Amino acid sequence: QVQLVESGGGLVQAGGSLKLSCSASIRHFSAYAMGWFRQVPGEDREFVAGISRGGGSTMYGDSVKGRFTVSRDSSNNTVHLQMDDLKAEDTAVYYCAAGGVVTMSPRRWNYWGRGTQVTVFS
């Protein structure tokens, strides 16, 4: 059984930083690409960032490039999302996902966490 649990969300002022973590209870963690998505009510789930199985390749959504950094720690089965220079438009529920490859399509990811709320105020 695969379980992904996000943490680290909260309330932050614009320009500030937050670091999200996703703890994965998953056999063979290194066999999975890991990703982050976000969603606001009434909108589609948006790709934020992804990291390949070995961690050697990353991908970012256009809206977060240069501000967010994804990383993974295979010793702890954890993936992180460092978010800097946060903007009000980053406000959303952030979801962790696991799958075969990094892709921007949410339908192609196999497992999902329940999400953590990030709220950025001006």
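Since we're looking at a predicted model, the values are computed, not measured.
In terms of heavy atoms, Met34 sits closest to Val102 at O-CG2, 4.5 Å. Nearest heavy-atom pair across Val79 and Trp36 is O-CZ2, 3.7 Å.
Linking ILVMFWY side-chain heavy atoms closer than 4.5 Å, directly or via other members, places Tyr111 and Phe37 in two distinct hydrophobic clusters. Hydrophobic clustering (side-chain heavy atoms under 4.5 Å, transitive across Ile, Leu, Val, Met, Phe, Trp, Tyr) keeps Tyr60 apart from Phe47. Residues Met104 and Tyr95 are members of one and the same hydrophobic cluster, defined by side-chain heavy-atom contacts under 4.5 angstrom among Ile, Leu, Val, Met, Phe, Trp and Tyr. Under the 4.5 Å side-chain heavy-atom criterion for grouping Ile, Leu, Val, Met, Phe, Trp and Tyr, Val12 is not connected to Val93 through any hydrophobic cluster. A chain of hydrophobic side-chain contacts below 4.5 Å, direct or via other Ile, Leu, Val, Met, Phe, Trp or Tyr residues, connects Leu86 to Val70.
Pairs of residues two or more places apart, or lying in two chains, never qualify as salt bridge (charged side-chain N to carboxylate O under 4.0 Å, His left out) while including a residue from residues 100-122. Counting only residues at least two apart or in different chains, disulfide bond (SG atoms under 2.5 Å apart) contacts with residues 25-72 are absent. Counting only residues at least two apart or on different chains, no disulfide bond (SG atoms under 2.5 Å apart) pair has a member in residues 31-88.
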Under 3.5 Å donor-acceptor pairs involving side-chain atoms of residues 16-33, not counting sequence neighbours:
residue	atom	partner	partner atom	Å
Ser17	OG	Asp84	OD1	2.7
Ser21	OG	His80	ND1	2.9

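Between the CD atom in Gln117 and the CD atom in Glu6 there is a gap of 12.0 Å [rounded to 0.5 Å].
With Arg53 contributing its side chain and Gly100 its backbone, the two residues share a donor-acceptor pair below 3.5 Å. In this structure, Trp109 contributes its side chain and Cys96 its backbone to no donor-acceptor pair below 3.5 Å. Judged by distance alone, the side chain of Arg72 and the main-chain N or O of Gly55 form no donor-acceptor pair under 3.5 Å.
For Ser57, the side chain to side chain contact (heavy atoms under 4.5 Å, CB included) test picks out Ser52, with sequence neighbours left out. A search for side-chain hydrogen bond (donor to acceptor under 3.5 Å, both in side chains) contacts involving Arg38 returns Glu46, Ser63, Asp90, Tyr94, not counting sequence neighbours.
Side chains of Val40 and Thr91 form no contact here, defined as non-hydrogen atoms less than 4.5 Å apart. The closest side-chain heavy-atom distance from Trp112 to Arg45 is below 4.5 Å.
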